[in-house]
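Since the structure comes first, as structure tokens, the remarks are kept for the end.
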Amino acid sequence: MKRVLDGLEPKEVFYWFEEISRIPHGSFHEKELSDYLKRFAEERRFSVKQDEVWNLAIEIPASPGYESRPKIILQAHMDMVCKKDEDYAFDFEKDPLSLYVDGDWIRAEHTTLGADNGTGVAMIMAVMDSKTVKHPPLQVLFTTSEEVACTGAGKMDDSWPDGERIINLDVFRDDALMVSCAGISINEIGWPAERGSVSDPEHMQAFRVGISGLKGGHSGESIHEGRANALVVLGELLAELEDTEAFACLSASGDGLFNVICTQAEAVIGFPANAAEKGRDRLAGIGRRLREAYLRTDPEMEIEAEPVRMEDYPTQLSPEAKRRLIRLLYLAPTGMQTIFDDPCTQAGSSSNLGSLKEENGKFRLVMSIRSNTEFRHDDVLRKYRLLCEELGVSLVTNRRIGSWEYTPVSPLRETAARIYEEQNGEKPQVIIIHAGVEVATILGKLEKRGRSADAIAFGCNTPGAHSPKEAWQISTTAKTYRWLTTILEEAE
């Protein structure tokens, strides 16, 4: 079989990446790749554990003379985000990725490449297969479904992680050394969607108020930019309308995900027929004010009020259900809550309204909180709990992942930074992100057992993650692999 990546250096890294690219490995579909990696380790006579969600823990003895050095956990995730160009025929559960070389870049034909985090997996495989790389005792943790809120790592047995140092290889830049990430909680706010019949529907006029055209973005990486959240805008609109107009709320919803700033929301409201024109004019005026307020961040925002058939909405929310809806959307702490750095380029804590649905007689509002410290996470979550108590609605935290907090003293960070500067003639960019990596989950498992670990994360230059534009810069790979292997040799 012709190998697309033949001739690229370091050949061992590109060889193993091409091998795993032939095996489908989307989130929750990693069993075949997990079994392949398990056989790979067993063939080299390493001890391997595999759990029911296909996480792997592999024990690698130290090189001669390195037995007394601190044990290092090498970690990467197996799963990839599965996205393809529209109308391109491709089955991510069956088809191998079609790789090609484009100058200094590796890409996949019309699909995501899986460099996130296949580059990390391939570099670790190269270390495992090497007869020349010197290293202390290693534990390799290959995890699953990282792209879905670190689900695989979260389900891993708490007793598995075993090491005094952690090197995570899930960073998209070749010039950066990550030293902290945010924790996240995924929460659900619920309350009864009490309804009653619309009185005198023949003398009512309904309007669908839609909010669209928002920029959106990642709820961690983009939250400090103040971008509009469609559910927040809907709350602002309804709260201002409520000040001057009597209206019935017939429905409300917002489409989105917990980790994405919501870009679409709508409500259907009803005015008495004799006040419909006044109400529509009022909606138009509020819409103009909101568009002006968000002009800097969301210049393409659209707020439209279109007449709809009243007969399609035989019931309306009760006054109490309407009150709870508007006050939650309007009063909930959203966006950046605290600033992490002086240039204001990153949030320290934040919250995001992801989606609003009415199902089975109940509203469900999905909300997430991120923070780079546990104190601020607790603080924001407490504000939500107090607000929910005041409004008489429920709040359930479905999942919480702790933060990887910055550690002022880190021998591993100092060693890694020194080696990078020696090899490249400049210092690495030390970064802290307002998103999550699995280091936080692994540290949490160690903490449950009264243990701690010194941790860093880095990687190759792989822009365009989670889209068919994803690419891997070939020339950064030797640089990153050399950095990794030298850290393994010199870390004490």
Side-chain angles (χ1 to χ4, degrees), residues 1-26 30-46 48 54 56 58 60 63 74-80 92 94-109 111-135 138 140-144 167-172 174 423 458-465 470-489:
M1 181 181 296
K2 180 181 178 182
R3 302 193 66 85
V4 176
L5 306 185
D6 265 357
L8 301 182
E9 294 289 342
K11 61 183 179 181
E12 57 270 40
V13 175
F14 291 111
Y15 177 89
W16 293 118
F17 182 82
E18 189 163 358
E19 287 294 294
I20 64 177
S21 295
R22 296 190 175 114
I23 305 170
H25 53 281
E30 308 97 333
K31 184 180 186 303
E32 186 178 354
L33 179 55
S34 178
D35 290 343
Y36 173 85
L37 293 171
K38 182 174 181 286
R39 290 193 300 271
F40 174 89
E42 290 173 338
E43 287 168 0
R44 287 149 184 81
R45 299 185 178 180
F46 299 140
V48 187
W54 314 310
L56 294 173
I58 304 166
I60 303 174
S63 301
L74 289 180
Q75 193 266 320
H77 65 86
M78 292 180 237
D79 61 317
M80 63 175 284
F92 279 102
K94 297 178 181 178
D95 298 335
L97 299 173
S98 182
L99 308 182
Y100 69 98
V101 176
D102 177 20
D104 192 30
W105 300 90
I106 298 170
R107 306 180 191 274
E109 295 280 358
T111 70
T112 39
L113 174 63
D116 174 17
N117 188 217
T119 56
V121 173
M123 283 192 287
I124 293 173
M125 293 176 74
V127 169
M128 294 170 65
D129 194 45
S130 175
K131 300 296 191 296
T132 59
V133 174
K134 298 176 182 179
H135 57 77
L138 300 176
V140 170
L141 294 180
F142 287 135
T143 53
T144 58
I167 298 177
N168 167 279
L169 294 168
D170 190 15
V171 177
F172 301 164
D174 68 304
Q423 293 179 342
F458 56 90
C460 301
N461 193 25
T462 53
E470 183 180 12
W472 176 11
Q473 191 171 19
I474 296 167
S475 58
T476 67
T477 308
K479 171 186 175 183
T480 302
Y481 186 61
R482 181 177 61 161
W483 190 16
L484 170 63
T485 56
T486 308
I487 292 171
L488 294 178
E489 183 175 349

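Quick note: numbers below take in every heavy atom, side chains included, and nothing from hydrogens, waters or symmetry partners.
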Subject >> From CA spacing to verdict: side chain to side chain contact (heavy atoms under 4.5 Å, CB included), Leu97, Met80 >> reply: CA-CA 11 Å; Leu97 299 173; Met80 63 175 284; 4.0 Å; yes

Subject >> Evaluation steps, salt bridge (charged side-chain N to carboxylate O under 4.0 Å, His left out), between Glu32 and Arg22 >> reply: CA-CA 11 Å; Glu32 186 178 354; Arg22 296 190 175 114; over 6 Å; no

**OP:** Start with the C-alpha gap between Trp16 and Val121, add the side-chain angles, then the distance that decides, and say whether side chain to side chain contact (heavy atoms under 4.5 Å, CB included) holds.
**Re:** CA-CA 8 Å; Trp16 293 118; Val121 173; over 6 Å; no

**OP:** Tell me, with the steps shown, if Arg39 and Asp35 meet salt bridge (charged side-chain N to carboxylate O under 4.0 Å, His left out).
**Re:** CA-CA 6 Å; Arg39 290 193 300 271; Asp35 290 343; 5.3 Å; no

**OP:** Could you walk me through whether Val140 and Leu37 pass the side chain to side chain contact (heavy atoms under 4.5 Å, CB included) test, one step at a time?
**Re:** CA-CA 11 Å; Val140 170; Leu37 293 171; over 6 Å; no

**OP:** Take Leu99 and Trp472, measure what side chain to side chain contact (heavy atoms under 4.5 Å, CB included) needs, and give me the verdict at the end.
**Re:** CA-CA 11 Å; Leu99 308 182; Trp472 176 11; over 6 Å; no

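Side-chain contact between Val127 and Ile60: absent, with no pair of heavy atoms (C-beta onward) separated by less than 4.5 Å. Counting heavy atoms from C-beta outward, Arg3 and Tyr15 have side chains that approach closer than 4.5 Å.
The only option from Asn168, Asp116, Thr143 that meets the side chain to side chain donor-acceptor pair (under 3.5 Å) definition with His77 turns out to be Asp116. Checked against Gln75 for a side chain to side chain contact (heavy atoms under 4.5 Å, CB included), the options Ile167, Leu141, Ile124 give a single hit: Leu141.
Under a 3.5 Å cut-off, the side chain of Glu18 and the backbone N or O of Leu5 do form a donor-acceptor pair. Although no hydrogens or angles enter the test, the distance criterion places a donor-acceptor pair under 3.5 Å between the side chain of Asn117 and the main chain of Leu169. In terms of modelled atom types and a separation under 3.5 Å, the side chain of Ser130 and the main chain of Thr132 share a donor-acceptor contact. In this structure, Thr480 contributes its side chain and Thr477 its backbone to no donor-acceptor pair below 3.5 Å. A donor-acceptor pair under 3.5 Å is formed between the side chain of Ser63 and the backbone N or O of His135. One N or O on the side chain of Glu470 and one on the backbone of Ala115 form a donor-acceptor pair closer than 3.5 Å. No donor-acceptor pair closer than 3.5 Å links the side chain of Thr144 to the backbone N or O of Trp54.
Closest of all the heavy-atom pairs between Trp105 and Pro463 is CZ3-CD, 3.5 Å. Heavy atoms only, all atoms of each residue included: Glu9 and Phe14 are closest at O-CE1, 3.1 Å. Smallest separation of non-hydrogen atoms from Val13 and Ala126: CG2-CB, 4.0 Å. The two residues Gly120 and Ala76 have their closest heavy-atom pair at C-CB, 3.8 Å. Heavy atoms only, all atoms of each residue included: Phe142 and Met78 are closest at O-CE, 3.4 Å. Residues Asp170 and Phe172 come closest through the heavy atom pair OD1-CE2, 3.9 Å.
Other residues, nucleotides and ligands contribute more than 12 heavy atoms inside 6.0 Å of the NZ atom of Lys479.
Rounding to the nearest 0.5 angstrom, the gap separating the CG atom in Asp95 from the OG1 atom in Thr111 is 9.5 Å. Atom OG1 of Thr462 and atom CG of Leu113 lie 8.5 Å apart (nearest 0.5 Å). The structure places CG of Asp174 at 5.0 Å from OG1 of Thr476, a figure rounded to the nearest 0.5 Å. Put simply, CD1 on Ile474 and SG on Cys460 are 11.0 Å apart, with the number rounded to the nearest 0.5 Å. Separation of atoms CE (Met125) and CZ (Phe40) is listed at 4.0 Å; rounding is to 0.5 Å. Rounding to the nearest 0.5 angstrom, the gap separating the CD atom in Glu30 from the CD1 atom in Ile23 is 12.5 Å.
With 3.5 Å as the limit, one finds a donor-acceptor pair spanning the side chains of Gln423 and Thr486.
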